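Chain letters run A, B, ... following the sequence lines, proteins first and then strands; every chain starts at 1. Note: hydrogens, waters and symmetry copies are ignored here, and every other heavy atom, side chains too, is used. Just so we're clear, the structure is a prediction, and the values are computed from it rather than from any experiment.
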Amino acid sequence: MSSKRDRMGNRKEGNHERPPSHLRGKQIGMYYAQRNRERNEANRKRPLGTILLSESRKNQIQAVLNSTSFKNIFATTSSTYEHLEDSAFKRSFLRVINETIDEKLQHTCARLAEDATLNQSLYEDFLQKQSSPKYMNMIAKRTKLPAFNMKDEILKVIDENQVVVISGETGCGKTTQVAQFILDDFLQKQKGSVCKVLCTQPRRISAIAVAQRVAEERGEELGHSVGYHIRMERRPPRDRGSICFCTTGVVLKIMESDASLSWVSHLILDEIHERDVMSDFILALIKKIKAKRSDLKIILMSATLNSEKFSKYYDNAPHLNIPGFTYPVQEFYLEDVLQRTGFVFESTHRIKHKKTKMYSDFIEPHVRQLERTRQYSRQVCIQLRNPECEDINLELILQLVIDVCGKERDEGAILIFLTGFHEISTLSRLMSESGRFPPGKFLIFPLHSLMPTLEQKQIFDTPPRGMRKIIIATNIAETSITIDDVVYVIDCGKIKVTNFDARTNSDILAPEWVSLANANQRRGRAGRVKPGMCFHLFTKARNMVLEQYLLPEILRKRLEDVILTAKILQLGPVEPFFAQLIDSPDPGAVTVALELLKRMNALTDDEKLTPLGYHLAKLPMAPQIGKMILFGAIFSCLDPILSIAAALDFKDPFQLPVDKEREVYKMKLELARGVKSDHLLFHEALRGFEESGNARQYCWNYFLSHQTMKQLQDLKKQYMEYLCEMNFVRDSDPKNPECNLNWDNLSLVKAIICAGLYPNISISPVLGKAPVRTPSMRRLKLHPKSILAECKYFDTNILVYYKKMKSKVDFIYDASLIHPLPVIFFGDRFNQICEDGRSFISINQNLRFKCSESTASIIKELRDRFNWFLEYKISHPGPVVWGGDDETQILSLIMELITCEDMEEFDDDAFDDE
DNA sequence: GAGCACTGC
């Protein structure tokens, strides 16, 4: 690189200016910081492109704007919505929850009224069942559960109180027994007709599994006195005298239209210690309605740890503890593992580590204590003084597994908890490379939500004699996946969690220390069938300072959809309601979410739902995704949009088998056929899946999860049902041609993705380079899984994304390259500005486009009209009729504009990006 | 150049 000097004699290399030579130390840093600020400032003002419209096109637009029939559409539009007929929608603006509940209770108080005939027939049914051999056989097993011995006590406390807290550890039987005690008691007393138990579970799998288990215990099939209800899948039990297990979200959805749960006699909230947002929400709602539903019994079930918190939340509701039953699990800590394996950490002493406060306060005194008692060798104590000893060390884990396999005669399975994909694949590689785990003697399963092993039945099977099963898993094996024959657990002590940082408006994925609850749960996985062992890879001192629980979800999450849920439940301004939650969210996070909802036009400035907000709140998906499908309906390209919406909101269907990263990427590129959009890749994947004669083979070829693909297909159908209910479409088939006139217009589909995902935009100040800067010039990076990550040339300098998360750096997970006009049409804060005699359009203050004044004016007018149209359409939902009338005229015109990708030219000013 | 886990009449 050539070296030059500028006029001041400072050296210059290429475009890199060196700091003036008199600067020293910190001043040099400040010099660069200042230069960066200036460059970013300049880049912020740099136009992202030039918008050129031909005279003929301008005339064409003007003609449509001037046409009288076009103006007629808007004659009736009013932004006050007073013209709306009475509807749930309008009431949602006017009512508050208490009124709605009162009204509901007046109408439906008869629903759980006693029915003597029904009582009698339910009673007879019950008597008959009790004499069946199946039932008797099961009762013998049930009586062994700790919960069974407390049956009378449990029934008494429920009878005498409206709210009861029942705690108990795994294996105590509370989940399967309590609901049955209640039901059987009512049936026995010939009051079956007024018993309807609703029991929530935080996960779909557990709702089904528990329902199946309970039905079996009652010697029945599902759908008789026991059933379940989860999204897109239900086996409802009989109307009265029954128990329904459902996911928490289902109850919350039910409460949207029936907040008093008027047809429920007992609400059991299970696993509330997990503190998911929906459970927290229901807890707060129940507090509001319990006086109005004095006949409703509420049973809160949690783990023992921290259960008083829930009792306190309900004015010291009585609390009952059921002792747990699992086989004893011997616990070991890092010091024991080091002693046992003789493991020595690779010396890293050359790097001088600052000893943390944690280290000096807890670890060092602990090591000194160990030295005094001489239980552990000197070597162990030296190792414990290594400040990195509690970091995840896969070599240590490898040695420990080898040691367990050699010394422990029991052939029970080994379950290893690690934090993520990388560790899991590295450890499996290390294990196979070590030569100590020959395939004839060991079955090794990596277990991660992205790995295909998740869907293999084999991991649940007990291996043949002489074979040992080893599972290397994330926290998926803590609660979601249960493998019964585990006898040894190795717990790395860390867990990856996402936190939302309101300050940077960004999700952060980072490993943390587990909580005691996690550590106990992991340990418990070793004692399901016989006594077991658990090795924690942190010191006993660390164990003393672990938190009881991780932060509740509501303190870790973006709050947009939480706020919309509160709005649709008519809870008024969010702040006072949030204050009533068991833990209130961070005010900063609330502000960020309110801001976005207002920018999306989902909330008014005084925090009321707009018609758009109402629809977005009704849709079971993130508001940005909801907006996308509403636009998809209006522009008649629903099928691709539904596929993309489902994949973004639910789950990326691509799997990642260990060591197949390159192959997966290759197949993705093949599937995308040159289209530079992860979103259109989802569309293509689903289209191929739906059209394939052999869906399983298709999934196998392209590394897609068959199960996820089926779920995505179901989701699309469900989204359609919602749109149908809202009257945006006429029937609920996603492929309905009426909703898909423009399905193959991929530019339109991308424009609509932009309409939904805005303001998640990333840009490049120069055309051709990856658009990986926020509009305020912060650096982002395309996640390597994105098909744009290896792209060499970018034909536009703007992309939209849905998911962004910070781990090592800020990663964009999914992206579509888009042209300026969709941003100009669907972005907010449109402005015409003039600077130094040049005219621009600016969007949200920091996205600029060069554009002549006359073009800018005509775009503005069309944009305004479109927004009016949209407002009208959203507040008067009805399918768009495509056939040359006024509606179609404006939509076609806009469609032409936002999809015409060759009309912009880019600013060719020389530009310094380094 | 790298992806904790859930969920919605």
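Within the structure, every side-chain polar atom (N or O) of A/S449 is placed at least 4.0 Å from both OP1 and OP2 of B/dC4. The side chain of A/T247 places no N or O atom within less than 4.0 Å of a non-bridging phosphate oxygen (OP1 or OP2) of B/dT7. Note on A/S807: a side-chain N or O is less than 4.0 Å away from OP1 or OP2 of B/dG3. For the pair A/T248 and B/dT7, the criterion of a side-chain N or O lying under 4.0 Å from OP1 or OP2 is not met. Close to B/dC4, at under 4.0 Å from its OP1 or OP2, lies a side-chain N or O of A/H448.
Exactly one of A/I416, A/I392, A/I470 qualifies for a side chain to side chain contact (heavy atoms under 4.5 Å, CB included) with A/L427. That residue is A/I416.
The separation between A/E274 atom CD and B/dC6 atom C1' is 9 Å, rounded to whole Å. Rounding to whole angstrom units, CD1 of residue A/I208 and P of B/dC6 are separated by 14 Å. The interatomic distance linking A/M726 (CE) with B/dG8 (P) rounds to 17 Å, in whole Å. Atom CZ of A/F811 is separated from atom P of B/dA2 by 5 Å (rounded to the nearest Å). In this structure, NZ of A/K806 is placed 17 Å from P of B/dG1, rounded to the nearest angstrom. Nucleotide B/dT7 holds its C1' atom 13 Å from the CZ atom of A/R556, rounded to whole Å. Straight-line distance from the NZ atom of A/K781 to the C1' atom of B/dG1: 6 Å, rounded to whole Å. When rounded to the nearest whole Å, the span between CG of A/D276 and P of B/dT7 equals 10 Å.
Contacts of A/R231 with the nucleic acid, taken as non-hydrogen atoms under 4.0 Å apart, include base atoms. Residue-level contact check: A/F281 touches neither bases nor backbone, having no heavy atom under 4.0 Å from any strand. Across all strands shown, A/D649 has heavy atoms under 4.0 Å from base atoms, whether or not it also approaches the sugar-phosphate. Among the atoms of the strands shown, base atoms are found under 4.0 Å from some heavy atom of A/L450. The residue A/R662 sits close to a base: some heavy atom pair falls under 4.0 Å. Note on A/L509: a base of the nucleic acid sits closer than 4.0 angstrom, heavy atoms only. Nucleic acid contact class of A/E661 (heavy atoms, under 4.0 Å, all strands): base. Among the atoms of the strands shown, only primed sugar atoms or phosphate atoms (P, OP1, OP2) are found under 4.0 Å from some heavy atom of A/T474. Within the 4.0 angstrom heavy-atom criterion, base atoms lie near A/L656. No contact: A/M255 has no heavy atom under 4.0 Å from any strand.
Counting non-hydrogen atoms of other residues, nucleotides and ligands closer than 6.0 Å to CD of A/Q456 gives a total above 12. Residue A/K496 qualifies as enclosed at atom NZ: its count of foreign heavy atoms under 6.0 Å is above 12.
You'll find that the side chain of A/E790 is closest to B/dG1, out of B/dG1, B/dA2, B/dT7. For A/H783, taking side-chain heavy atoms from C-beta onward, the closest of the listed nucleotides B/dG8, B/dA5, B/dA2 is B/dA2. Relative to the side chain of A/I476, the nucleotides B/dC6, B/dG3, B/dT7 differ in distance, and B/dC6 lies closest.
Residues A/A622 and A/K496 both approach DNA chain B. Their nearest nucleotides, taken by heavy-atom distance, put A/K496 toward the 5′ side. For the pair A/A617 and A/H422, both in contact range of DNA chain B, the more 5′-proximal nearest nucleotide belongs to A/H422.
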For residues 782-790 of chain A, tabulate all N or O donor-acceptor pairs below 3.5 Å that involve a side-chain atom, not counting sequence neighbours.
from: A/H783; atom 1: ND1; to: A/K785; atom 2: N; distance (Å): 3.1
from: A/K785; atom 1: NZ; to: A/D652; atom 2: OD2; distance (Å): 2.7
from: A/S786; atom 1: OG; to: A/D678; atom 2: OD2; distance (Å): 2.6
from: A/S786; atom 1: OG; to: A/L788; atom 2: N; distance (Å): 3.0
from: A/E790; atom 1: OE1; to: A/R662; atom 2: NH2; distance (Å): 3.2
from: A/E790; atom 1: OE2; to: A/R662; atom 2: NH1; distance (Å): 2.7
from: A/E790; atom 1: OE2; to: A/R662; atom 2: NH2; distance (Å): 3.4

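Judged by distance alone, with hydrogens and angles left aside, A/T498 brings a side-chain donor or acceptor within reach of the base of B/dC4, the pair sitting under 3.5 Å.
Counting only distance, with no hydrogens or angles, the side chain of A/T248 and the backbone of A/M278 share no donor-acceptor pair below 3.5 Å. For the pair A/T247 (side chain) and A/I230 (backbone), a donor-acceptor distance under 3.5 Å is absent.
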| task | Test side chain to side chain donor-acceptor pair (under 3.5 Å) on A/Y228 and A/E233 and set out the steps. | result | CA-CA 8 Å; A/Y228 67 86; A/E233 210 182 316; 3.1 Å; yes
